[in-house]
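Just so you know, ligand 1 is whichever comes first in the structure, and atom 1 is the first atom listed for that ligand.
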Amino acid sequence: ELDTISEKAASKGGGGDDGGSRILVFVRLRPISRKEREAGARCCVKIVDGRDVYLTEFATENDYLRLKRLRGRHFTFDASFPDTATQHDVYSTTTAELVEAVLQGRNGSVFCYGATGAGKTYTMLGTIENPGVMVLAIKDLFSKIRQRSFDGNHVVHLSYLEVYNETVRDLLSPGRPLVLREDKQGIVAAGLTQYRAYSTDEVMALLQQGNLNRTTEPTRCNETSSRSHAILQVAIEYHVKDSSNNIVNRVGKLSLIDLAGSERALATDQRTLRSLEGANINKSLLALSSCINALVEGKKHIPYRNSKLTQLLKDSLGGACNTVMIANISPSNLSFGETQNTLHWADRAKEIRTKSYDAHEEMQMPDSETDQAKLLLELQKENR
Ligand code: ADP
Ligand code: MG
């Protein structure tokens, strides 16, 4: 009986009956830090009714009506989390439903986006005491599998990878860079570790260790580089009987992505040395923005090929996939500009509709040289 239910849900496909399901966009405000307070920062963000975000700099409390009329001061999202929200609040509102869908053979992805220090890694990975979305999702997955006595049928594999400086690395087994290849399931990183997970207990340690394998700056060796993107992929494989009683395999894939810092070109002293690196990381984010824009505008050609990140995330963006975006922001007025940028970008992301389409046709499109040239120009402007 369960198999029939799964079968039905899976055959519905990614887009749903309306031809496209909307991307869900959330905002999470983190608490003000000691460092910010010591620097004399004031809080410039207010979350109202669990949805509305107001940038209150230069406005008095309860000036919401006026802020609503100002451009770029008021935003509304599917849900907005105040700084008192727990990891569980964030998980259950943003990701729990995706986990359910993935168990039925669909794909889902969750992105954390925002400036460095805004709380992306805290939201995604969290700490031992307060595990984040990655860990809570896997925990929930195992408990759902157990509850329904699916056990034995469902096989869970984890892979954790990094995109840094347009290089893809295996975070579970550091070594040589991985090459991206296209196969029947889409674009895959050849040789990537597929870790078979049996329980939640081992996962937190595994992910913490993986996170330590992320690229760090030579100058600040304990801190993950703000230019590093981390992608956790959870694949759930199971079999069902089809209408003629044949056993068929299904795979649902959940991608959880801790994006690089979204701030504009980083102000570094070693400018010449780093400019290429900086440009490359921006290249991935910029390519992500271009894809989002193209999706929003309903373009036929989505420039996935412009970066490693967008190649890897192709089926997490435009394919048959449920997508969740969590924009992380700091409350500090010293980060006003970054926060406004993040919110603006998140606001735009609300307009994407994911739909099924002929993935094959898209893949065979050559890289457009004008696209690349345009991208470069934008980058140069940004890095000036
Ligand atoms: P990012 O990954 O976006 O650069 P982090 O997740 O590392 O930022 O967060 C920066 C700092 O703020 C870390 O010390 C983190 O523990 C803390 N922090 C972030 N979000 C929260 C939160 N919601 N509650 C408590 N501390 C947080
Ligand atoms: Mg981080």
For this session: Might you list the protein residues in contact with ligand 1, defined as having a heavy atom under 4.0 Å from one of its atoms, sorted by chain and number?
Result: Arg28, Arg30, Pro31, Ala115, Thr116, Gly117, Ala118, Gly119, Lys120, Thr121, Tyr122
Exercise. Quick one: ring pair (Phe, Tyr, Trp, His ring centres under 6.0 Å) partners of Tyr91, sequence neighbours excluded?
Worked result: none
Exercise. If you leave out waters, which protein N, O or S atoms are less than 2.8 Å from the Mg ion (ligand 2)?
Worked result: Thr121 OG1
For this session: Using the test ring pair (Phe, Tyr, Trp, His ring centres under 6.0 Å), find all partners of Tyr54 that sit at least two apart in sequence or belong to another chain.
Result: Tyr64, His74
Exercise. Is the closest side-chain donor-acceptor distance between Thr116 and Glu263 under 3.5 Å?
Worked result: yes
Exercise. Is Lys314 salt-bridged to Glu182, going by a charged N under 4.0 Å from an acidic O?
Worked result: no
Exercise. Is the shortest distance from a Lys or Arg side-chain nitrogen in Glu57 or Arg73 to a carboxylate oxygen in the other one below 4.0 Å?
Worked result: no
Exercise. Tell me, do Thr224 and Asp258 make a side-chain contact under 4.5 Å, heavy atoms counted?
Worked result: no
For this session: Look at the aromatic rings of Phe26 and Phe81 and report parallel, tilted or perpendicular, splitting at 30° and 60°.
Result: tilted
Problem set entry | Val133 side chain reached by Thr123 side chain, heavy atoms, under 4.5 Å | yes
Problem set entry | Flag side-chain contact, heavy atom, 4.5 Å: Ser284 against Val163 | yes
